[in-house]
**Student:** 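Quick one: the structure is below, questions incoming.
FYI, side chains are in, hydrogens and waters are out, and symmetry mates aren't considered; it's all heavy atoms of this structure.
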Amino acid sequence: MTKFSDLNLDPKVLKAIVDAGYESPTPIQEGAIPPALEGRDVLGIAQTGTGKTASFTLPMITLLAKGRARARMPRSLVLCPTRELAAQVAENFDTYTKYHKLTKALLIGGVSFKEQDKLIDKGVDVLIATPGRLLDHVERGKLLLTGVQVMVVDEADRMLDMGFIPDIERIFGLTPFTRQTLFFSATMAPEIERITNTFLSNPARVEVARQATSSENIEQVVMMFKGSRKDREASEKRKALRMLIDNEAEKCTNAIIFCNRKMDVDTVAKSLKKHGYDAAPIHGDLDQSQRTKTLDAFRDGSLRFLIASDVAARGLDVPAVSHVFNYDVPSHAEDYVHRIGRTGRAGRDGKAMMICVPRDEKNFDAIEKLIQKTITRIDNPMQTSDTLDEAPAAEQGEKPKRTRTRTPRKSAAPKVETAQVEAAPIEAAQAEPPKPHDAKSDAPKAVPHTREPKAQTNTHTNAQPKPQAQKEARGRSGNNNNRSRGGGGGDNKVVGMGDHMPGFIAMSFDERRTG
DNA sequence: AAAAAAC
């Protein structure tokens with residue numbers, strides 16, 4: 001078994017890795033680090049949770065350990081789609097640069113320019129940024145990207161979804177063509193393929209099975225739900241959510257609850273709070289300090305329920321999330337995979353529970369088709385008997401006077417009347433034997449049929465010619481053989497990196513930004 | 001149809 005010490009990393013990086021408690025690299029790390037250290041471009045096809053972040057931070061730190069930053073000319077750049085992901089990457093750098101004097105700046109929106117400007121002026125080794133704020137700095141003439149030796153694009157497919165690709169292309173154009181590029185995407189959409197063909201040069205292609213797709217360690221269930229009356233549907237759906245939560249009782253240590261709309265995030269969070277649940281919302285309309293505070297609280301365990309829009313669907317690495325609830329069926333099947341991937345991380349078990357209303361059934365079908373798996377149906381207890389106690393007059397205010405529903409966390413067994421109705425189907429669902437399926441069915445459309453041809457033939461498709469004196473194919477090409485150890489092993493052991501509790505939880509946003 | 005990201 002490969003150890004980090006076999007990977008030619010800087011001794012001080014190795015020491016930091018040991019301090020963090022890691023010994024062996026994950027497949028993506030094992031595949032990406034060697035070519036990255038050789039100065040090659042890397043095309044990594046992997047989701048977070050696979051140890052992807054360290055697969056670029058570790059070689060970057062090793063490479064940057066030689067040399068010094070110059071004012072306004074950062075030596076490396078990491079681009080992330082959301083502010084939270086950028087902060088997470090920054091934290092990862094902190095962990096592994098503890099024995100180095102490398103400096104970094106986190107350039108994200110929603111906070112003042114002042115501190116960011118100060119850091120840039122002093123000169124930083126690593127810039128971690130969201131595209132909008134980065135370009136803003138460039139346009140203000142405060143930042144030059146001509147000194148960037150290593151550029152990382154993280155979560156490229158999400159950048160695509162969010163319409164960032166033109167920005168990314170522009171940023172590529174601001175960096176020297178001699179730079180080394182490390183490019184990560186969970187999938188290879190045609191547009192992503194085009195970008196990599198244009199901006200990467202003979203990349204080492206490293207691919208790991210998507211961990212979260214429908215892996216054995218995430219139990220997935222769905223409750224088909226229909227309101228008794230149209231005007232009651234919303235409040236009944238919130239009640240259904242509470243029943244799902246209550247039924248899990250103490251098995252649900254914490255959870256992310258996803259809604260499709262920001263408005264529903266707010267409504268559900270408010271409703272849960274009113275019913276005595278420890279819940280807080282997170283979405284893009286909340287101000288950044290609030291977002292940071294909420295996420296930090298969820299990470300350190302002081303918040304049990306995070307109600308989230310898709311801002312939290314991808315990449316967020318909170319190691320021990322026991323449950324993901326899809327309050328709404330995501331309208332893009334891909335998003336389902338990302339959402340449930342917030343649980344069952346680092347080899348742990350996780351449970352994903354979804355509520356599906358009739359109008360979402362089409363989207364639901366698309367999800368089952370994507371993951372090539374039947375999601376276990378559980379019954380809606382309210383439909384079978386129990387709707388009567390939800391008096392129509394009381395429902396819209398969700399008055400807290402009904403104490404029975406307000407103290408769910410204390411009682412392991414939920415309400416008496418509903419207990420029998422609910423327990424049966426849900427227990428049955430849990431007893432369902434895990435279907436045997438191989439690695440391939442875990443990654444039904446992760447990588448279509450385009451595995452190697454493009455990476456090899458890309459030299460003639462370069463729209464933007466790029467001399468590659470120092471970047472010839474050395475060593476093995478087509479480095480895509482890293483599935484062997486994927487899949488998590490099933491013994492529920494915690495593996496890989498990214499499983500530590502980030503220290504920046506303890507810091508204020510200001511400290512983090514300047515630190 | 002919605003979310004995210006620059007001011």
**Student:** Using whole Å, report how far NE2 of A/His283 lies from P of B/dA4.
**Tutor:** 7 Å
**Student:** Return no unless some side-chain N or O of A/Thr130 is found under 4.0 Å from OP1 or OP2 of B/dA6.
**Tutor:** yes
**Student:** Do the side-chain N or O atoms of A/Arg83 get closer than 4.0 angstrom to the phosphate oxygens (OP1, OP2) of B/dA6?
**Tutor:** yes
**Student:** Would you mind telling me which of B/dA6, B/dA2, B/dA4 lies closest to the side-chain atoms of A/His332?
**Tutor:** B/dA2
**Student:** How many Å lie between CG on A/Asp266 and P on B/dA2, as a whole number?
**Tutor:** 15 Å
**Student:** Quickly work out the A/Asp167 CG to B/dA4 C1' distance and round it to whole Å.
**Tutor:** 12 Å
**Student:** Does the side chain of A/Arg179 come under 3.5 Å of the side chain of A/Thr181 through a donor N or O and an acceptor N or O?
**Tutor:** yes
**Student:** Whole Å only: how far is the CE atom of A/Met263 from the P atom of B/dA4?
**Tutor:** 14 Å
**Student:** Mind calculating the distance between CG (A/Asp161) and P (B/dA2) to the nearest angstrom?
**Tutor:** 16 Å
**Student:** Quick one about A/Asn326 and A/Arg339 (side-chain donor to acceptor, distance below 3.5 Å, no hydrogens or angles considered), yes or no?
**Tutor:** yes
**Student:** Contact class for A/Gly163 vs. all strands (heavy atom < 4.0 Å): base, sugar-phosphate, or nothing?
**Tutor:** nothing
**Student:** Quick one: the side chain of A/Thr82 and the base of B/dA4, do they pair up donor-acceptor inside 3.5 Å?
**Tutor:** no
**Student:** Sub-3.5 Å donor-acceptor pair from the side chain of A/Gln29 to the main-chain atoms of A/Thr26, do we have one?
**Tutor:** yes
**Student:** Is A/Leu135 close to A/Leu174 at the side-chain level, that is, under 4.5 Å between some pair of heavy atoms?
**Tutor:** yes
**Student:** Please test A/His323 against A/Phe325 for ring pair (Phe, Tyr, Trp, His ring centres under 6.0 Å), starting from the C-alpha separation and ending with a verdict.
**Tutor:** CA-CA 6 Å; A/His323 285 63; A/Phe325 293 92; 5.7 Å; yes
**Student:** Mind calculating the distance between CG (A/Asp328) and P (B/dA1) to the nearest angstrom?
**Tutor:** 15 Å
**Student:** Using a 4.0 Å heavy-atom cut-off across all strands, classify A/Asn260 as base, sugar-phosphate, or nothing.
**Tutor:** sugar-phosphate
**Student:** Tell whether A/His137 reaches the base of B/dA6 with its side chain through a donor-acceptor pair below 3.5 angstrom.
**Tutor:** no
**Student:** Given atom CZ of A/Arg261 and atom C1' of B/dA4, what is their separation to the nearest angstrom?
**Tutor:** 16 Å
**Student:** Mind checking if A/Ser331 touches a base, just sugar-phosphate, or nothing, with heavy atoms under 4.0 Å?
**Tutor:** base
**Student:** Tell me: CG of A/Asp310 to P of B/dA5, nearest whole Å?
**Tutor:** 12 Å
**Student:** Please state whether the phosphate of B/dA5, meaning OP1 or OP2, lies under 4.0 angstrom from any side-chain nitrogen or oxygen of A/Arg291.
**Tutor:** yes
**Student:** What's the closest nucleotide to the side chain of A/Met162 if the choices are B/dA4, B/dA2, B/dA6?
**Tutor:** B/dA4
